[in-house]
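When a residue number appears, it is its place in the shown sequence, counting from 1.
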Amino acid sequence: MSSKPTRQAMPERDAGESTADDAEQLTPGAVLDHGRYRLLEKVGTDPRCDAQLWRAKDGVLGRDVALTILTGDRSHSNAASSARRTLERAMHASTFNHVGVARVLDVVTPAPGDPQGVLGVVIAEWTHGTDLIELVGDGPLAPGTAARLLQPLAAAVEAAHHAGLVLGADHPQRIRVTPEGDVRMAFPGPLSTASSSDDVRGLGAALYLLLTGRWALDNPPDGLPTAPTGPDGTIVAPRTLRPTVPLELSTVALRALGSPDTHGTTGGVRTGAAVLRVLEQHATFDEPTSSAPAGPRENNEVWSTQDPKPDKIKRKKLAVSVGALAVATLLVVGWIVANLIGVFAGNQSAEGPSVTLDDGNSRPPPAPQQNVPVQVTAGTPFVKEQTPDSPGKLGNLFDGDPSTSWATDSYNDQFGTGFKSGTGSVLSFAAPTTLREVVIDSASPGTVVEIRAADGSSPNLESSPVLGQQTLSGGKTVIPINEAQPTQNVIVWITQLAPAEGKFQSRINEITFSGTPA
């Protein structure tokens with residue numbers, strides 16, 4: 001749902017002989033806006049607009065929030081005008097809702113008692129996880145993982161530009177990675193002079209950073225290596241630094257960075273949609289690197305100053321170990337039971353041989369086919385119109401962890417009103433399989449799901465036969481599959497969404513398949 005800030009951007013109050021140095025009073029424990037927001041942890045700075053990025057506690061609602069604090073000399077007309085323009089743009093962005101952008105909750109001007117160097121504050125919902133600099137702290141990411149992580153931000157940039165908004169997604173500490181593995185614009189508040197082309201350049205710089213560990217725009221944060229340039233002053237392509245980077249990813253990162261006049265690149269990529277198309281082609285659902293955030297969200301203790309980052313890989317290793325222990329236990333119990341049966345049944349050799357009467361026509365009964373779990377090896381978004389829903393979270397459908405989920409976008413109306421006819425994904429198996437049963441774990445009752453046999457990983461919906469259909473209930477819903485032919489790909493196709501807070505949205509935690517190998 002969209003939300004508007006509770007205050008309007010206004011001329012600064014208490015203007016006086018303040019200086020930017022007064023902003024040094026911004027330390028953990030300080031309070032802003034009549035004591036409502038208590039600063040917990042400084043997570044970054046944006047020197048281009050004298051902004052400080054903080055995690056804070058909202059004392060009224062008892063939740064963590066992200067503060068973009070604009071600082072400067074209130075008596076300086078240019079600084080005050082620039083801050084006012086940034087606050088106005090952030091206020092307009094409060095009507096924009098997208099998974100790739102933190103929602104703006106409030107926009108406030110200085111209040112009595114605030115440090116004199118504060119020119120205004122943009123308050124947004126807090127994004128748990130880590131920023132891009134921490135993400136590449138142990139080295140650049142695998143190209144497929146980098147493409148997957150960046151998809152929500154690229155989709156958000158494209159949607160914002162269609163809405164006439166600028167996000168300001170061109171600073172690595174304003175962008176964070178969620179525990180679910182999505183890159184998100186976490187600190188809204190674009191520069192007063194920012195344009196839509198700056199957002200596209202920011203996408204190129206973010207992709208360059210994930211692929212190489214280097215920042216390709218001006219004014220990088222302290223300690224972050226800059227992109228190297230060749231003898232002619234042009235930025236070196238990611239593929240030159242890492243030959244494993246696909247040519248298309250390297251090219252789109254370089255060309256999205258901007259014009260030859262400012263960055264020496266060839267240009268040619270001007271929209272977030274162009275970047276998104278390349279990301280979708282190269283995204284993979286491999287396990288993220290150990291530097292990627294994971295784990296549950298932190299509690300709401302006022303003085304908790306660190307955003308915890310439990311290791312998701314260790315958690316999965318623990319789950320595998322527990323599963324192996326359970327299998328070993330079952331084998332031991334089975335061996336004991338078999339021995340007990342032998343003891344009570346007696347010694348067959350002492351009782352004489354068994355005799356089987358056969359009339360010559362009897363045949364051994366055929367062994368029944370056993371259903372076995374079918375492992376999903378890959379997944380890709382699937383839509384007939386518009387853009388995919390939450391492509392960066394598609395791997396949550398088959399990651400074996402029901403605490404993670406994939407969700408559709410939030411729609412004002414049901415499908416069938418001309419925007420989309422449905423949404424879903426193509427899931428692939430290691431080998432052709434005859435499906436017998438599909439189980440969907442969802443908290444969105446009323447969702448209607450079709451399971452269709454797909455011809456290849458890029459199928460046509462009309463030529464994909466329906467194997468089963470069901471309206472989901474809360475929790476796990478079993479979809480029986482009858483008279484199915486062997487298939488290696490299926491379409492999970494949602495034709496009706498569940499009502500959600502006055503709109504329509506469906507969420508699926510996990511999909512499991514069982515069947516018999518072909």
Side chain to side chain donor-acceptor pair (under 3.5 Å) with [X]: which residues, sequence neighbours excluded?
X	value
T477	S473
T251	none
D198	S195, R201
T408	none

Are R63 and W126 in a cation-pi contact, defined as NZ or CZ under 6.0 Å from the six-membered ring centre and within 45° of the axis?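 No, cation not above the ring by the 6.0 Å, 45° rule.
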Name all residues meeting the side chain to side chain contact (heavy atoms under 4.5 Å, CB included) criterion together with [X]; count only those two or more places apart in sequence or in a different chain, and write none if there are none.
X	value
A453	P465, L467, T487
A253	L207, P238
V478	E437, V439
D199	V157, H161, V166, L167, A169

I'd like to know if [X] and [Y] make a salt bridge, using a cut-off of under 4.0 Å between side-chain N and carboxylate O.
X	Y	result
R184	E125	yes
K420	E385	no
D441	K476	no

With sequence neighbours excluded, tell me which residues meet salt bridge (Lys or Arg N to Asp or Glu O under 4.0 Å) with E450.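 Salt bridge (Lys or Arg N to Asp or Glu O under 4.0 Å) check on E450 returns R452.
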Exam field: side chain R55 to backbone D64, donor-acceptor pair closer than 3.5 Å: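 Between the backbone of D64 and the side chain of R55 there is no qualifying donor-acceptor contact (under 3.5 Å).
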Would you say Q485 has more than 12 foreign heavy atoms packed within less than 6.0 Å of its CD?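 Counting neighbours around CD of Q485, 12 or fewer heavy atoms of other residues, nucleotides or ligands fall under 6.0 Å, so no.
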Once you round to the nearest 0.5 Å, how far does [atom1] of [X] lie from [atom2] of [Y]?
X	Y	atom1	atom2	answer
I481	T433	CD1	OG1	12.5 Å
R103	I123	CZ	CD1	13.0 Å
S444	N509	OG	CG	8.0 Å
I175	L150	CD1	CG	7.5 Å
L141	L211	CG	CG	8.0 Å

Only pairs at least two apart or in different chains count here, so list each ring-ring contact (aromatic ring centres under 6.0 Å, His included) that has a residue in residues 459-512.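 Of all non-adjacent pairs touching residues 459-512, those that pass ring-ring contact (aromatic ring centres under 6.0 Å, His included) are F382-W493.
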For residues 420-445, which residue pairs pass the ring-ring contact (aromatic ring centres under 6.0 Å, His included) check, not counting sequence neighbours?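 ring-ring contact (aromatic ring centres under 6.0 Å, His included) check on residues 420-445 returns F429-F513.
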Evaluation steps, side chain to side chain donor-acceptor pair (under 3.5 Å), between N396 and S405: CA-CA 5 Å; N396 293 341; S405 63; 5.7 Å; no
Per the salt bridge (Lys or Arg N to Asp or Glu O under 4.0 Å) rule, what does the pair list look like for residues 152-170, sequence neighbours excluded?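 Qualifying pairs: R48-D170.
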Here's a test for you: under side-chain contact (heavy atoms from CB on, under 4.5 Å), which of D389, I511, D399 qualifies with W406?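 For W406, the side-chain contact (heavy atoms from CB on, under 4.5 Å) test succeeds with only one of D389, I511, D399, which is D389.
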Reference residue D182; test salt bridge (Lys or Arg N to Asp or Glu O under 4.0 Å); the match among R148, R176, K393: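 Answer to the salt bridge (Lys or Arg N to Asp or Glu O under 4.0 Å) test with D182 among R148, R176, K393: K393.
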So which heavy atom on E510 is nearest to which on D401, and how close?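 Reported closest heavy-atom pair: OE1-O, 3.3 Å.
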Answer with yes or no whether the side chains of S506 and T447 bring together a donor and an acceptor at under 3.5 Å.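 Result is yes, a qualifying pair exists.
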Just so I know, are the side chains of V275 and L279 near enough to count as touching, which here means a heavy-atom distance under 4.5 Å?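 Touching, per the 4.5 Å side-chain cut-off.
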